[in-house]
Amino acid sequence: MPIAIEFFVQYAYVILFTWVLLEQLGIPIPTTPALLTVGTLSAAHKLHASISLAAVVIACLLADSVWWWLGRRFGGRVVKLVCRLSLEASACVKKTEGYFGRRGGVTLLFAKFVPGLNTLAPPVAGQTGMSYPKFLTMDGLGALIWGSAYIFAGRFFGDIAKRNATFFHWMGRFAGVLFVLLVIGFLVQKVWRQRKFLLSVRELRLDASELKKMIDTASEDGTVAPFIVDLRHPLDYLPDPRVLPGAVRIQPAELEKQHSQIPRDRDVVLYCTCPSEETSAKVALRLHKLGIYRVRPLKGGFDGWKQAGYPLEEYVEPAPTGSKLAVSA
């Protein structure tokens, strides 16, 4: 047996536990190749699938418990930090909060299968006030489902490979190389997707100073100011419920459904709280496809505007007519 595989088999459970723990703590290393490899080796009776699965679940519970506590203690700041660390920044806090808003704790059952949602789900669960016993139960079941899916997929592949002695021997001889290639492939794919998305964001972004100048110019000239949309999730309003001058609060899904109400004769500015303005950029790109071209995300989002010292306004709940307005504080 090649020395790399011999070493892996000898320390497999420790390696698997550490690998999964680090990945769940936010280190951008792909776990899927490791789980598939463990499952394949279990088919050759080199490892026990049940012990491997136990190591995976325990590692997930330890890491996720840390994130749950940090989310409970520090709220949105921790969620944004995790989003910045993730290679799936396009699946930022908005996506996670959307899942929790629709499905609650059930989100934890499938979170580990969704890129970006994996590490973000535990701190959001803590931020939303989910009790620890409930979190531990749902997260444990989710980890069990996730680990089982990939380990037994690898086991299934290994069982098929065993039927062909030559192929099984070849696979065992070059398993280390295949594992490394799988890891590199996962990393390259994620980095490429992230880079492609961020490049599209940079082409659309609008600086806070530019928006401030546009608002001031409109006020001085008596012209129509940009149509500003606050895309933040209700959870993001807790630390600061104010909005940009004249901003309207609309959730991303509602904005796309109500695109006919969005003005075409002036600039539409979107802002959120995601790193690199992922939510704003995604909504902007969708609106472009709907024929609304004068739409741009605000660079730095709400936090960037606030840190620049520009004015914010208290938000007034929608009037009975359904209109949404903001007035000066």
Side-chain angles (χ1 to χ4, degrees), residues 5 7-68 82 85-88 91 96 99-100 103 105-126 130 132-162 171 175-176 178-180 182-183 185-187 189-190:
I5 297 300
F7 176 83
F8 184 85
V9 170
Q10 184 175 358
Y11 300 101
Y13 304 123
V14 175
I15 293 173
L16 181 62
F17 173 84
T18 305
W19 192 289
V20 174
L21 182 68
L22 291 175
E23 194 266 345
Q24 295 299 307
L25 284 173
I27 306 300
I29 53 175
T31 307
T32 302
L35 297 177
L36 292 173
T37 300
V38 167
T40 303
L41 291 175
S42 72
H45 305 291
K46 303 295 183 182
L47 300 172
H48 293 284
S50 57
I51 298 178
S52 300
L53 187 56
V56 169
V57 173
I58 293 172
C60 287
L61 289 176
L62 285 175
D64 292 348
S65 293
V66 171
W67 285 123
W68 175 89
V82 178
L85 293 175
S86 175
L87 282 178
E88 296 287 346
T96 308
Y99 275 114
F100 268 89
R103 301 181 178 87
V106 177
T107 301
L108 294 168
L109 295 179
F110 61 84
K112 297 192 182 302
F113 291 98
V114 182
L117 185 62
N118 179 11
T119 311
L120 281 168
V124 170
M130 181 184 293
Y132 186 63
K134 179 179 180 181
F135 167 77
L136 207 61
T137 300
M138 301 300 287
D139 190 64
L141 287 173
L144 183 64
I145 295 170
W146 173 69
S148 299
Y150 287 109
I151 289 177
F152 288 109
R155 177 64 180 263
F156 178 73
F157 175 76
D159 287 336
I160 293 177
K162 283 171 62 177
M171 186 180 67
L178 293 174
F179 174 74
V180 172
L182 275 173
V183 172
F186 272 82
L187 287 173
Q189 180 192 35
K190 287 190 174 185

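This one's a predicted model, so the numbers in the text were calculated from it and none came from an experiment. We count residues from 1, following the sequence as given.
Shortest non-hydrogen contact noted between Gly140 and Val57 is O-CG1, 4.3 Å. Considering all non-hydrogen atoms of both residues, Gly147 and Leu53 come closest at C-CD1, 3.6 Å. Summarising the geometry of Trp67 relative to Pro122, their closest heavy-atom pair is CB-CB, 3.7 Å, with the distance given to 0.1 Å. Listed here is the closest heavy atom pair of Leu108 and Met138: CD1-CB, 3.8 Å.
Take Ile145 and apply the side chain to side chain contact (heavy atoms under 4.5 Å, CB included) test, not counting sequence neighbours, and it matches Phe113. Judged as a salt bridge (Lys or Arg N to Asp or Glu O under 4.0 Å), and not counting sequence neighbours, the contacts of Asp64 are Lys112. For Thr18, the side chain to side chain contact (heavy atoms under 4.5 Å, CB included) partners are Val14, Leu22, not counting sequence neighbours. With sequence neighbours excluded, the residues satisfying side chain to side chain contact (heavy atoms under 4.5 Å, CB included) with Thr31 are Trp19, Val20, Glu23, Leu35, Trp146. In this structure Leu21 satisfies the side chain to side chain contact (heavy atoms under 4.5 Å, CB included) test together with Phe17, Leu25, Ala59, Leu62, Ala63, sequence neighbours excluded.
Looking only at side-chain heavy atoms (C-beta outward), Tyr13 and Leu47 come within less than 4.5 Å of each other.
Tyr132 contributes no side-chain N or O that, together with a main-chain N or O of Trp68, makes up a donor-acceptor pair within less than 3.5 Å.
Taking OG1 of Thr37 as the reference point, atom CG of Leu16 lies at 10.0 Å (rounded to 0.5 Å). Taking OG from Ser42 and CD1 from Ile51, the interatomic distance works out to 11.5 Å, rounded to the nearest 0.5 Å. The structure places NZ of Lys134 at 13.0 Å from CG of Asp139, a figure rounded to the nearest 0.5 Å.
Contacts classified as salt bridge (charged side-chain N to carboxylate O under 4.0 Å, His left out) and involving residues 140-150 (residues at least two apart or in different chains) are not found.
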